[in-house]
Every structure is written in structure tokens, then in C-alpha cells.
Visitor: 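After the C-alpha cells below, expect a handful of questions from me.
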Amino acid sequence: MSKTEEYLQRFMNGVIKRNPGELEFHQAVSEVAGTIFPYIADKPIYHKMQILERMAEPDRVVMFRVPWTDDKGNIRNQRGYRVQFNNSIGPYKGGLRFHPSVNLSVLKFLGFEQTFKNSLTGLPMGGGKGGSDFNPKGKTDNEVMRFCQSFMIELHRHIGEDTDVPAGDIGVGAREIGYLFGQYKRIENRFVGVLTGKGMEFGGSKIRTEATGYGTVYFMQNMLQRNGDSLEGKNVCVSGSGNVATYAVEKVNHLGGKVITLSDSSGFVHDPDGIDADKLAFLIDLKQVRRGRIKEYADEFNSASFHEGRPWGVSCEIALPCATQNEINEEEAKTLINNGCIGVSEGANMPTGLAGIDTFQEARILYAPSKAANAGGVAVSGLEMSQNSARITWKEDELEKLLETTMFNIHQSCVEYGECDGHVDYLAGANIAGFVKVADAMLSFGHT
Ligand code: NDP
């Protein structure tokens, strides 16, 4: 075993010991450390100052009780969290997730990832994440509102426009952000940009809703272009049918590709004819207005069929996982490659397991890890913060251009740090480019 491998193993043993049972967090740290340790092997200052060890420990974690009353008058009890991971390069920034699977491990993995991602955007944003095990599915608007109000009664004292600026994530969309912002404003009597993803009437930014999905597709287009290729005429499998998936489909359509799958937690639909603008409009109504299940898409369109499980067995050239973590395992990664997949751009956070990533890397396909590929969302959130601070509103075409440029720059950073003999290791490139800025800021602060 080399010295670097020995250091890496010792480091990971420490992370596992200090964070028992937090499997998602171990996975996220391991994925990053595997590329950072070789990079810092000849840079002893990072070892001496224990930079990665410090980056793997959140600045603080807030955990709180969230009692609320359902429509029948029953008192319900949820757990709320805010993980403030690292504010070395700017205020904590990262989404809130409302989903029954939320626990400390999930939020720590997301907050850790967010620190690197936010650094990659080039904007002054630190990393954080939060949420609750509350399940918005099947709840009425009034129930969701009462939950959000109760959640904010505690959260408000930990956030602020220069301290910590949460946004949406799984289960937290425009409706929830509206309820949360309304309650913050009421408690604090201040109208400030304390949340992003707000409605246009109260300080939201154009393109924010679309940014994550669009950015994921721009990143894929950048990788293809570097190889003299494009999305034109390619079959694309997308998973998920929420915010990220929806706008990924829209951008693939703009760029001439054909999306043939979508999914939710009940299964996936396969539509070999492609999900065009009219079908996408049906999906948006189904998922965002009626909050229905993906099977209804197959009931509506004859060209489509519904299947249980995940969509990765469907033959495609491009895969865009846009649902949730660990939704591509080793077997599924192999199936994708055997069926001719040449590129994966991760819209969701950590959708591919470690063995799946190894499979993509060994096959040397274009593999864009989430912290680079889905950074467009938080980048436009950063632009929403700037607009709020300056009390101005930028135009849609300006913001779309900025998003495109940001994704291009992130791609370039990955190439800068990840290219070897003409092949780009986007995983290493993204991790190292994200690491350097935060690490060097931490060096400047001394022992903090
Ligand atoms: P949404 O809540 O809008 O949509 C989530 C989608 O994923 C739904 O289709 C949902 O299906 C599906 N899904 C959720 N959990 C599971 C599961 N356990 N198994 C199968 N399907 C599941 O969330 P977003 O689109 O906002 O987020 C999707 C991913 O993108 C997440 O990983 C998130 O962290 C990441 N992301 C989001 C950003 C944003 O701007 N929103 C920014 C960067 C990353 P169902 O309705 O059945 O639950």
C-alpha cells in the first residue's frame, strides 16, 4: 500500500469512527477524499493544517422539534435540521429537503457536497443543507403551510442574508418557499433575501426554477463538444419528474436530443417517441399542479408504457439521473454502458453509488459528477442573492447567458484539474477545483 493510500485509509477510518452509521456521509467523503489525497500528496501544508479533516466536520448542526397540527386536529411531530457545513468563502448556502428519508447522514452528505459545488460556481457561497423528515406528499396546502410556519419558528434564528441562505430541494418547491419566506418576514419584520427560489413577486430570480436542469444539460453539451460531438439526435434517459428532471427535458429538447424516459418513486415511463413540448406541459400540470403519479403519463399517451423500477435498462446514449441519491448501482451502470451509453450528467446529488462511478470511470465514458453538473441551480441562487442585495431584477436573457457561461467555466475548471493525456477525469477535476479555493481560504484563516 502506498503512503497516499495509507493516509487515505486512516482518514476514512477516522470519519467512519466519528460519524457512526452515517453511510451516505461516509460515501460522499470517500468519493472526494479518493481524489484529494493524491492531489495533496506533494503539498504538505494541507496535511499539516489538517484541511480535509476540518472540511469533513460541519461548522455546526442545528436539530429541532417541529410540531404542527394536521387538518383533523391531530398534533404531529417532525424533526428539523440545518447543517451549516463551511462558510470559508461566503454565507452558508444550500437547499432544504422535506422527505421521510431525511436524516443527519443525508443532510451531512448534501452539505459536504454543497461546499465543493458552491466553490466551483466561482461565487462567494459557503455550503449548508437542511430539511425535515416531513412528507409533503398527500398533505393539503394548509397542512404544508402550518408545517412550514412551525419549521421557520425555529429556523429563523439561525439564518440571515449574510449568514445562511436556504433554498429548495426535494419536496421544497415554490409553494413551500413562499410559506417559509412569509413566516420569516412576519417573525423578523425584515424583507431580505434570506431564501432563494422565491416567487417573482417577492424577490425571485428569472431562470432559477429552470437552472439546475438546464445547467445539467449544458454541462453534458460542453463535454460532448470537447469531443467534437453534440446532443443532436441522441436518445436520453432521464430519471425523476420533479424540478430538475422537468427542465432537463426542456433543455435536451432545445438542443435537439430526444428524452425517452421519466420516473418517480413508483416506477418509470418509457416513451420511444420522445417527450416533446406538449407532453412536457402535461407532465408539469401532472406533477406541479395535480401532484399525481408518473403512471398517469403512460395512461395519457399511447406511445408510452409504465414499468416498475428505474429506467436504466432502457437503451440510450445519454443518461441524466435527476431524482435522488444512489439511484444507479454497479449493475445499472454496467447495463447503461453495455447498451451504448456514452455520457452521464448528474442532475441529482450523488445519484451514482461508488461502484457505479468506478464502472463509468473504467469505461472512460463522459461522467459528470453532481457537484459540477448540477451547480447551475445554486449559481442562479447566488445571482438571486446579488439581485436582492442590490434591489434590482435582471432580465431573463441576461441570466440565461450567465448560467450558460457559469456551466462553461465549471467545465473548464474540471478540465484544468482533471485532464491527463487528453482524457478528462471530471470527478477528480470537480473535487480538486472545488477543494482548492475553500482550502486556501481556510489556510488564510489559520487554526479556525
Ligand atoms: P423534486 O421534489 O422536485 O423531485 C424529486 C423527484 O425525484 C420526484 O420525481 C420524486 O418522485 C423522485 N424521487 C425522490 N425520492 C426518490 C426515491 N427515493 N426513489 C425514486 N424517486 C425518488 O426535487 P428536485 O427535482 O428539486 O431534486 C431532485 C434531485 O436534484 C435531488 O437529488 C436534489 O438534491 C438535486 N438538486 C436539486 C436542485 C434544485 O435546484 N432543485 C439543485 C441541485 C441538486 P416522487 O414524487 O415519487 O417522490
Side-chain angles (χ1 to χ4, degrees), residues 93-95 110 113-123 125 127 167-170 173 196-197 204-226 230-231 234 236 238-257 259 280 318-324 343-352 366-387 394 396-415 424 426-427 429-430 433-434:
K93 179 90 198 87
L110 289 163
E113 287 271 307
Q114 194 83 43
T115 304
F116 291 79
K117 180 186 320 197
N118 293 2
S119 165
L120 277 172
T121 65
L123 296 170
M125 299 182 289
D169 191 78
I170 291 178
T196 58
S205 174
K206 293 264 170 55
I207 295 292
R208 174 60 193 94
T209 314
E210 297 87 344
T212 309
Y214 279 15
T216 302
V217 178
Y218 283 140
F219 200 94
M220 175 52 72
Q221 181 82 341
N222 284 321
M223 294 197 295
L224 289 166
Q225 272 168 355
R226 192 180 166 276
S230 80
L231 269 168
K234 298 234 172 5
V236 181
V238 174
S239 66
S241 48
N243 171 267
V244 180
T246 299
Y247 295 100
V249 175
E250 190 167 271
K251 189 48 74 181
V252 170
N253 288 345
H254 290 167
L255 296 178
V259 176
L280 193 59
I318 303 293
L320 305 176
C322 296
T324 192
V344 177
S345 184
E346 296 183 335
N349 282 310
M350 206 171 76
T352 312
L366 298 171
Y367 164 68
S370 50
K371 58 175 79 63
N374 72 25
V378 74
V380 175
S381 274
L383 301 176
E384 182 173 334
M385 288 166 70
S386 303
Q387 293 171 79
W394 292 337
E396 186 165 336
D397 55 345
E398 291 172 315
L399 283 154
E400 180 139 12
K401 196 90 225 116
L402 280 169
L403 171 64
E404 209 175 332
T405 308
T406 303
M407 297 314 295
F408 179 80
N409 292 341
I410 295 173
H411 178 265
Q412 288 304 100
S413 300
C414 294
V415 173
V424 182
Y426 285 94
L427 182 74

Visitor: Between Gln387 and Leu383 (side chain of the first, backbone of the second, donor and acceptor by atom type, cut-off under 3.5 Å), is there such a pair?
Guide: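 It does hold such a pair.
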Visitor: If you compare all heavy atoms of Met407 against all heavy atoms of Gly215, which two are closest, and at what distance to 0.1 Å?
Guide: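 Scanning both residues, the minimum pair turns out to be CE-O, 3.4 Å.
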Visitor: Using every non-hydrogen atom in the two residues, find where Arg208 and Gly197 come nearest and quote the distance to one decimal.
Guide: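 The answer is CG-CA, 3.9 Å.
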Visitor: Between atom CZ of Phe408 and atom CD of Gln221, what is the distance when rounded to the nearest 0.5 Å?
Guide: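 The CZ atom of Phe408 sits 12.0 Å away from the CD atom of Gln221.
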Visitor: Nearest 0.5 Å, what's the CG-CG distance between Leu402 and Leu123?
Guide: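 Reported value, rounded in 0.5 Å steps: 9.0 Å.
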Visitor: Mind checking whether Tyr426 and Pro369 have side chains closer than 4.5 Å, heavy atoms only?
Guide: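 They are in contact (side-chain heavy atoms under 4.5 Å apart), so the answer is yes.
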Visitor: Hey, are the side chains of Trp394 and Ser386 touching, using non-hydrogen atoms and a 4.5 Å cut-off?
Guide: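 Yes; the side chains approach each other to less than 4.5 Å.
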Visitor: Can you list the steps and then say if Glu400 with Lys251 is a salt bridge (charged side-chain N to carboxylate O under 4.0 Å, His left out)?
Guide: CA-CA 12 Å; Glu400 180 139 12; Lys251 189 48 74 181; 2.9 Å; yes
Visitor: Could you grab the distance from atom OG1 of Thr196 to atom CE of Met125, nearest 0.5 Å is fine?
Guide: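 Those atoms lie 9.0 Å apart.
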Visitor: What heavy-atom pair brings Gln114 and Gly94 nearest, and what distance separates the two atoms?
Guide: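 Between these two residues, the closest heavy atoms are CD-CA, 3.8 Å.
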Visitor: Taking C-beta and beyond as the side chain, do Asn222 and Arg226 meet within less than 4.5 Å on heavy atoms?
Guide: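 Side-chain contact under 4.5 Å: no.
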Visitor: Do Thr352 and Glu346 have side-chain atoms, one donor and one acceptor, less than 3.5 Å apart?
Guide: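 Yes, Glu346 and Thr352 have a side-chain donor paired with an acceptor closer than 3.5 Å.
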Visitor: Grab the two heavy atoms, one from Tyr214 and one from Tyr247, that are nearest each other, plus how far apart they are.
Guide: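 Smallest interatomic distance, heavy atoms only, reads CD1-O, 3.3 Å.
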Visitor: Would you check if there is a donor-acceptor pair between the side chains of Asn349 and Lys117 at a distance under 3.5 Å?
Guide: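 Yes, Asn349 and Lys117 have a side-chain donor paired with an acceptor closer than 3.5 Å.
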Visitor: With a 4.5 Å cut-off on side-chain heavy atoms, are Val344 and Pro321 touching?
Guide: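 With C-beta onward as the side chain, the pair touches.
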Visitor: Any non-hydrogen side-chain atom of Ser230 less than 4.5 Å from a side-chain atom of Leu255?
Guide: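 No, side chains not in contact.
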Visitor: Report the C-alpha distance between Leu403 and Ile207 in whole Å, list the side-chain angles of each, state the deciding distance to 0.1 Å, and finish with yes or no for side-chain contact (heavy atoms from CB on, under 4.5 Å).
Guide: CA-CA 9 Å; Leu403 171 64; Ile207 295 292; 4.0 Å; yes
Visitor: Suppose we call two aromatic rings close when their centres sit under 6.0 Å apart. Are Tyr218 and His411 close by that rule?
Guide: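 Ring-ring flag for Tyr218/His411: false, centres at least 6.0 Å apart.
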Visitor: Is there side-chain contact between Thr246 and Ser241, with at least one heavy-atom pair below 4.5 Å?
Guide: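 When only atoms from C-beta onward are counted, Ser241 and Thr246 do not touch, as no gap falls below 4.5 Å.
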Visitor: Show the nearest heavy-atom pair for residues Ser370 and Ala348, with the distance to one decimal.
Guide: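 Looking at all heavy atoms of both residues, the shortest contact is CB-O, 3.1 Å.
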Visitor: Counting N and O atoms only, with roles assigned by atom type, does the side chain of Ser345 sit under 3.5 Å from a partner on the main chain of Ala373, one being a donor and the other an acceptor?
Guide: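 No; zero donor-acceptor contacts below 3.5 Å.
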Visitor: Which heavy atom of Gly204 sits nearest a heavy atom of Glu384, and at what distance?
Guide: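 Closest pair (atom of Gly204, atom of Glu384, distance): CA-OE2, 3.7 Å.
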Visitor: Do any N or O atoms from the side chain of Asp169 and from the backbone of Gly95 form a donor-acceptor pair under 3.5 angstrom?
Guide: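 Not confirmed, Asp169 side chain does not pair with Gly95 backbone.
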Visitor: Taking Ser119 for the side chain and Gly434 for the main chain, is one N or O donor matched with an acceptor at less than 3.5 Å?
Guide: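 It does hold such a pair.
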Visitor: In Å, rounded to the nearest 0.5 Å, how long is the span from CD1 of Ile170 to OG1 of Thr324?
Guide: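 Those atoms lie 4.0 Å apart.
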Visitor: With the side chain counted from C-beta on, respond yes when Asn243 and Thr209 share a heavy-atom pair under 4.5 Å apart, and no when they do not.
Guide: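 Contact flag for Asn243/Thr209 side chains = yes.
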Visitor: Applying side-chain contact (heavy atoms from CB on, under 4.5 Å), run through Ser205 and Leu399 and close with a yes or a no.
Guide: CA-CA 9 Å; Ser205 174; Leu399 283 154; 3.5 Å; yes
Visitor: May I ask you to test the Leu320-Val236 pair for a side-chain heavy-atom distance under 4.5 Å?
Guide: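 Result yes, sub-4.5 Å side-chain heavy-atom pair found.
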